[in-house]
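Worksheet: one structure, shown below.
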2 protein chains.
Amino acid sequence: MPDTRRSLPVAQAAVRVRRDAAANADRVLAAAMRLVQAGGVDTLTMDRVAAEAGVGKGTVFRAFGNRSGLLAALTDETEREFQQAFLSGPPPLGPGAPPLDRLLAYGEGRLGLQRVHGAIFRAMHGTPIDRFEVPARKVSVTHVRMLLRQCGIDDALDVITEAVLGPLDSDTAYHLSVERGLGRERLVDDWKTMVRRLVD
Amino acid sequence: MPDTRRSLPVAQAAVRVRRDAAANADRVLAAAMRLVQAGGVDTLTMDRVAAEAGVGKGTVFRAFGNRSGLLAALTDETEREFQQAFLSGPPPLGPGAPPLDRLLAYGEGRLGLQRVHGAIFRAMHGTPIDRFEVPARKVSVTHVRMLLRQCGIDDALDVITEAVLGPLDSDTAYHLSVERGLGRERLVDDWKTMVRRLVD
DNA sequence: TCTGCAAACGGACCATAGTCCGTTTTTCTT
DNA sequence: AAGAAAAACGGACTATGGTCCGTTTGCAGA
């Protein structure tokens, strides 16, 4: 949990990672990918991943904190790319486009990610670690908040941000699009409708 | 999980409950209340509650399905009262007031419940059981959906319902009001602002 | 009241996340 | 190059939710 090595937002402060630790983390990550690929996220147990990686269980926990952390690491690269895109990529997702357009693009992009990593995202929430503390989420909150303000919203900003983010949450998106049968496309459209309505 | 005896919405279908089973369920519930009162929700383990109630662990699980179910049962009475109030109580919560007023009252009431049962609600989400399947939530969704429609919304209804409900979720409400320091009052006000903005 | 059986009981058992600590390895200093 | 301090290792151990199944019990029909 105190492990900052793999956190997304801030550049790592040259904490001198021991070579064996780094190598083991890589092996664990690779093993985890293999397991997920082979049997889905549910088959990923900490014991199994340790065995598959050929390291002790303690090593897995030291490197990734807990199961959520390991799962998060699996989505790390994708998440990093997405962040890069909305923070500094080309419009409409990145800077340059009007804020509303950027916001709409953000939602569409985020929901697109669910198609790829949805099962992992959902599994992450299974563990006690509360989702508000996930670094990637904080970045998103800040970003969406900023866009909303640029759209002219300044009352109730925090609450509105959560409301906007709500349907993009992996569990909620899955529930709406799959369990309630809305469908991916429709979900994206409806989310945009909602945002437009909110923003005026 | 298949246990319908204690579910909120539908009237129980006279399933002939054996006397010992009913008595045990009561004892378990009482024991659970005692434990929560004494040491908080985190100290409520299934083993402990079984011991405290003087029954076997299996009995606890048969009666309540899982930990979430037991926790839900603890909030049952309060939840039932609230449901009764918004379904058929006096305005502005109940029928008779304009839909927007009812909606605003609903949010305020729901957030008020968090003050009482917040810790339990939050603990319920800790377990795998997904929150969309909780009967009480379904009732709320239906209710809020209806009010929103009466307020003139008919596009993107499902998504908007989730967005509106999002900040009322126990985890989110806790995060906003406590961890981010918004405060209870402010949260209620801001939620209302958001809803008004959404509804026009 | 007796009897058969469906339902409930209970606690041993299992799976799994997470912790602890004695041992091993790396890396820094001299 | 050697030694010591720091960091990482690994696997036994703990806590806990949930399952299983042989045994007991309540209830209906005779």
Side-chain angles (χ1 to χ4, degrees), chain A residues 1-6 12-29 31-32 35-36 39-73 123-130, chain B residues 1-6 13-29 31-32 35 39-73 123-130:
Chain A
M1 189 200 309
D3 179 291
T4 53
R5 250 202 277 58
R6 311 200 148 260
Q12 39 270 73
V15 246
R16 187 176 309 295
V17 182
R18 248 170 65 166
R19 193 159 0 223
D20 53 350
N24 277 335
D26 288 348
R27 292 210 283 161
V28 168
L29 204 53
L35 287 181
V36 169
V41 126
D42 291 347
T43 68
L44 184 82
T45 70
M46 299 306 265
D47 283 299
R48 245 200 288 270
V49 81
E52 172 81 17
V55 303
K57 197 179 185 179
T59 300
V60 178
F61 278 91
R62 190 154 337 83
F64 297 98
N66 53 35
R67 198 174 110 105
S68 282
L70 177 55
L71 257 16
M124 282 174 59
H125 298 334
T127 15
I129 295 316
D130 78 282
Chain B
M1 190 196 310
D3 178 291
T4 52
R5 252 203 277 56
R6 309 200 151 260
V15 246
R16 187 178 307 294
V17 183
R18 247 170 66 166
R19 194 159 7 223
D20 54 349
N24 277 335
D26 288 347
R27 293 209 282 161
V28 168
L29 204 54
L35 287 180
V41 133
D42 292 346
T43 68
L44 185 83
T45 70
M46 300 304 266
D47 283 298
R48 245 201 286 272
V49 82
E52 172 82 17
V55 304
K57 197 179 184 178
T59 301
V60 177
F61 278 91
R62 186 150 343 81
F64 298 96
N66 54 32
R67 196 173 111 104
S68 281
L70 177 55
L71 256 16
M124 282 175 60
H125 297 333
T127 14
I129 296 315
D130 80 281

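So you know, we letter chains A, B, ... as the sequences are listed, proteins then strands, and number each from 1. The basis for the numbers below is simple: all heavy atoms, side chains too, and nothing from hydrogens, waters or symmetry mates.
- Asn66(A) places its CG atom 17 Å from the P atom of dT16(C), with the value rounded to the nearest Å.
- Here Arg67(A) does not reach the OP1 or OP2 of dT16(C): none of its side-chain N or O atoms lies under 4.0 Å away.
- Screening Asn24(B), Asn66(B), Asp47(B), Val49(B) for a side chain to side chain contact (heavy atoms under 4.5 Å, CB included) involving Val60(B) leaves a single residue, Val49(B).
- Going from atom CG of Asp47(B) over to atom P of dA15(D) covers 11 Å, rounded to whole Å.
- OP1 or OP2 of dA8(D) has not a single side-chain nitrogen or oxygen of Asn24(A) nearer than 4.0 Å.
- Residues Leu70(B) and Leu29(B) meet the side-chain proximity criterion, which asks for heavy atoms closer than 4.5 Å.
- The CZ-C1' distance, from Arg19(B) to dA6(C), rounds to 17 Å in whole Å.
- In plain terms, the two heavy atoms of Ala21(B) and Val17(B) that are nearest each other are CB-CG1, 4.3 Å.
- Between Met124(B) and Ser68(B) the shortest heavy-atom distance is O-OG, 2.9 Å.
- Listed for the Arg67(A) side chain is a donor-acceptor partner under 3.5 Å among the backbone atoms of Leu44(A).
- If you measure from atom CG of Leu71(B) to atom P of dG18(D), you get 11 Å, rounded to the nearest angstrom.
- For the atom pair CG (Leu35(B)) and CZ (Arg48(B)), the distance works out to 7.0 Å, reported to the nearest 0.5 Å.
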### Summary
Going 5' to 3' through nucleotides 19-25 of chain C and flagging B where a protein heavy-atom sits under 4.0 Å of the base, S where only the sugar-phosphate is that close, and - otherwise, we get B-----B
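- Remark: P of dG17(D) and CG of Asp42(B) are 11 Å apart, rounded to the nearest angstrom.
- Between Arg16(A) and dC28(C), a side-chain N or O to OP1/OP2 separation shorter than 4.0 Å is present.
- Going from atom CZ of Phe64(A) over to atom P of dA17(C) covers 15 Å, rounded to whole Å.
- Note: Met46(B) CE to Lys57(B) NZ = 8.0 Å, rounded to the nearest 0.5 Å.
- Contact check, Thr59(A) against dG10(D): a side-chain N or O comes under 4.0 Å of OP1 or OP2.
- If you take CE of Met124(A) and P of dA17(C), they are 15 Å apart, rounded to a whole angstrom.
- Whole-Å rounding puts the Arg48(B) CZ to dG17(D) C1' distance at 13 Å.
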